[in-house]
Amino acid sequence: MNDETPLSVLLVAQSDEVAGRLRAAFGDLAITLDHVSPDQVLYTLSVTHVDVVLLDVSPFPDVPLELIASIVTVAPHVPILALVVNDADPRALAALAAGAHDFVSSEAAASAIVNRLRSAAAHRLAEKNDQPVVLKDLVLRSSDAVLLIGRDGRVNQANAAAAALFGVLTERLIGVPFGTPIVSNLATTIDIPRRNGESIAAELFLLHVLSDQSDNAYLAILRSISRHHRLDVDLRLMMAAISCTNDGIVIADLNGMPHYQNPAFQKMTGLTLDDLRVAGGLLRLYRDVGMARAALTAVRGGQSYRGEMRLIDRQGRAINMLLHIDPVLDAADQVIALVAVHTDVTQCKLTEDRLAYLSSHDPLTGLANRTLMLDRLQLALERRSRRDAALCGIVLLNLDRFKQINDSLGYAVGDEVLMAVAGRLKHITRPGDTVARLGGDEFAVVVDSIESLDDIWRIALRIQQALSHPITVQDHSLMVGVSIGVAMDDGRAPDAAALLRNADTALHQAKARGRSQIVLFKESMHTAATTQLQLEIELRQALQRQMLVMHYQPIVELSSGVIYGFEALMRWSHPLNGLMLPDSFLPVAEESGMIPAMGAWSIVEVCRQARRWRDQFGAAAELPISVNVHSQQLEHADLLHQVEQALHEFNLPGSALVIEITETVALTDVDLVVPQLQQLKELGVRVVLDDFGTGYSSLNHLARLPIDGVKIDRTFVQSMMHDSLSATIVRAVITLARELGLQVVAEGVETEEQRRALLRLGCTCAQGWLFGKAVDAETAANVIGTRGELQTRT
């Protein structure tokens, strides 16, 4: 091979940077340089023509003996040059001893490197056979003990050196299972049992054969070693394992002065071995010095230490460590040193602390949760019972219109409202009080160390006042309002849970009395709560068992007395109490959350009845039926869907249905109500404002509402004949409605005198006992059948 013949060089290096540097150095020289990683070299040698292998050993802490041996075995006629840092690198001689042909310094000039490569290639060229050397031939020629192992884990081929090592004939090794667990690229030491019953120590290199053309899967190279050599190999393997582990390992004397630390410990602490020695050893690193001294004392006595310790790193930061310290014994079982293994559990501790925090705090608002609140309340109760300390109590509150905000504006807005409420509560309460979110829109304040009931009442008033102001969220100015239940520790509540139940009972009373109320718990409420609970259970059963019924009160034209439509009114057919009116069970339904289900049922039932009457009487039954919609139904986003589905199911036009909402509900939050009413009107459904005159609505609000009519509240109608103010209100409502193009229905008409007065004022329609009470569907059907003028009652 002359200087002009291209030289094929296979560079084995872990870094692409080495290949780039050499290619730049070689320039236009006749060199073809291919780069592979150490785990690709054997396969590349088996499929590619290579003149010389250039092995970069600089990244390895020690010479990769097993890799060099594998290259020699797979490609014995391809010379290996070890690329070392410089000519003084001690790994150069070790590489030559392992089977490398020569070495070259990475600091050498490009021409010198090329000369070494060509010299190595020329030296081996004379020995190269023209025929390819197959793997089995290499096994037979090798001076080392070599086995070829099949994919089934049994020996396929063994050379004479292997037979000598095992002390048996070669034929006796073929087909025998290979005893050592097969792991690719394994380097270890094993004991080989011999025929005479003795065993011999050997160094094992186990390599994966990458050829798919053969049944052979692994190549095992074995070398007999002395005990001393084996200890040296085992020590190298042990040190390699220590260097690779993520745990920080320090070997030190019995005073904690280090002899060795692995790279992981230096990475953990930022300290070199010299830094650690200058600092005074391990004892200087541990924050808990007393505990560290106790651990060293235990190790000096031959005991191991297991525990957690805080270690200070180079920056002065504390690292939580799981520390294992074990004594090192000499041949006489005397403790001569220690091995300290440090596992960084800082992140685990942070996670544990975070989980502990989440277990006791609300993740959205950061307030205490129910568990922590009950703990704080229980502690307050126990302090008072032990030391006759000051009073304590709990303020329980529920936002009045939160669900409507959530359903209409979305959960993101709802979450911001909750966070704003939490901020106000923390701002107005005392430092010693515990503010908690119990779930949803329910909050609590544990009030400790108060002198009297007046103190906790003032706190409740402050909360009510703070939440009476609008909350601005994403350009929305929202009124939430709050209902509050208060319970004081009077010595009767056995524990925190009982006191919380008392506050909850008071809160239910507050909500039953209307929004924005504060109620103090009294013992008499227990009886009322029990009665209410029983009524709630029965009402749920009534809803499930179809015990709710609709009665229908006619709405008539005042001028002719002809039926204009009906208003559907819910009744409960109670098995013991008979027919119950809404006033006796709707408050329970409101508190228990049954209104949406009952409202949905009423819409379906009214549409079903309208369909029956139309099928029975035809055009004579094409009368609109009014159904009352509760505020809680408006707070549910599916009201429109319920109405639309019911009309479709019973094949009814939208004009068959009239939705009635009270003036107070409509004006509670106009921005939330208007879109829903507009969508209902788009279905053809008419919308009427019920109990008009009681809500103090302004003309501005009334003009914004997409309504078709108003109903004058019965209190004004029944008193207008003897109360001039009521008469003025009735006249004003009729005049205003006429100017706005709205229909007017007067409720509660009971006398002929009232009917004539309303007719004179221009009122078009009315309902009341004068024209008929609410009756069941069958009786109402008889009225539709006659379809004449109703006989007014005198």
Side-chain angles (χ1 to χ4, degrees), residues 396 398 400 403-404 438-442 483 485 487 497-498 500-515 517 519 521-553 566-609 612 625-636 638-639 642 646 660-662 665 690 773-780:
L396 192 63
N398 188 257
D400 288 334
K403 182 166 179 48
Q404 189 175 4
L438 307 188
D441 60 337
E442 191 171 47
S483 299
L500 177 60
R501 285 195 297 272
N502 292 347
D504 190 56
T505 300
L507 176 60
H508 277 75
Q509 286 288 325
K511 293 166 72 175
R513 296 178 188 179
R515 292 172 174 172
Q517 299 291 318
V519 173
F521 173 78
K522 299 178 181 178
E523 281 297 324
S524 59
M525 291 180 182
H526 270 312
T527 303
T530 302
T531 303
Q532 181 170 326
L533 178 60
Q534 181 60 37
L535 191 62
E536 178 186 332
I537 294 172
E538 293 177 358
L539 185 56
R540 289 189 186 278
Q541 293 174 345
L543 184 59
Q544 295 170 357
R545 298 172 184 175
Q546 301 295 311
M547 296 171 66
L548 298 178
V549 295
M550 281 295 189
H551 280 203
Y552 299 88
Q553 185 175 34
F566 288 93
E567 180 180 358
L569 299 167
M570 188 180 295
R571 303 289 187 262
W572 178 5
S573 181
H574 195 280
L576 298 179
N577 301 333
L579 202 64
M580 296 177 63
L581 299 179
D583 290 347
S584 61
F585 62 84
L586 277 184
V588 175
E590 290 171 347
E591 287 302 307
S592 59
M594 284 189 282
I595 289 295
M598 293 169 64
W601 172 83
S602 66
I603 291 171
V604 171
E605 181 60 24
V606 165
C607 290
R608 179 185 289 111
Q609 190 58 58
R612 287 172 180 167
I625 303 177
S626 299
V627 60
N628 291 281
V629 170
H630 194 278
S631 60
Q632 291 184 13
Q633 288 175 264
L634 286 172
E635 292 172 359
H636 278 70
D638 55 352
L639 174 62
Q642 292 172 1
E660 291 190 11
I661 61 171
T662 64
V665 169
D690 197 12
K773 295 182 178 181
V775 295
D776 60 32
E778 184 178 353
T779 305

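Under 3.5 Å, the side chains of Ser483 and Asn398 contain no donor-acceptor pair of N or O atoms. Using modelled atom types and a 3.5 Å distance limit, the side chains of Thr779 and Asp776 yield a donor-acceptor pair.
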Stepwise side-chain contact (heavy atoms from CB on, under 4.5 Å) check, Ile595 with Gln633: CA-CA 7 Å; Ile595 289 295; Gln633 288 175 264; 4.2 Å; yes

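When every heavy atom of Pro596 is checked against every heavy atom of Gln632, the shortest pair comes out as CD-OE1, 3.8 Å. Nearest heavy atom pair, residue Ser602 against residue Met570, reads CB-CE, 4.0 Å. Nearest approach of Val606 to Tyr552, heavy atoms of both residues: CA-OH, 4.3 Å. The minimum heavy-atom distance between Leu634 and Ile661, with the atom names listed, is CD1-CG2, 4.2 Å. When all heavy atoms of Phe585 and Met598 are compared, the pair lying nearest together is CE1-CE, 3.8 Å. The minimum heavy-atom distance between Asn502 and Ala487, with the atom names listed, is CB-CB, 3.9 Å.
Here the CE-CG distance, from Met594 to Leu548, works out to 9.0 Å after rounding to the nearest 0.5 Å. Separating the NZ atom in Lys403 from the OG atom in Ser631 is a distance of 12.0 Å, to the nearest 0.5 Å. Here OG of Ser573 is found 12.0 Å from CD of Gln546. Values are rounded to the nearest 0.5 Å. Taking CZ from Phe566 and CD from Gln553, the interatomic distance works out to 10.0 Å, rounded to the nearest 0.5 Å.
A heavy-atom distance below 4.5 Å is not found between the side chains of Glu605 and Val627. Glu442 has its side chain within reach of Leu507: a pair of non-hydrogen atoms, C-beta onward, lies under 4.5 Å apart. Residues Met550 and Leu569 form no side-chain contact, since every pair of their non-hydrogen atoms from C-beta on lies 4.5 Å or further apart. Looking at Leu579 and His551, their side chains come closer than 4.5 Å, going by heavy atoms from C-beta outward. You'll find the side chain of Gln509 stays beyond 4.5 Å of the side chain of Gln517, heavy atoms only. For the pair Glu567/Glu660, a side-chain contact is recorded, criterion being any heavy-atom separation below 4.5 Å from C-beta on. No side-chain heavy atom of Thr505 sits under 4.5 Å from any side-chain heavy atom of Val519. Side-chain contact between Leu396 and Leu438: present, with at least one pair of heavy atoms (C-beta onward) separated by less than 4.5 Å.
Judged by distance alone, with hydrogens and angles left aside, the side-chain atoms of Glu538 form no donor-acceptor pair with the main-chain N or O of Leu535 at under 3.5 Å.
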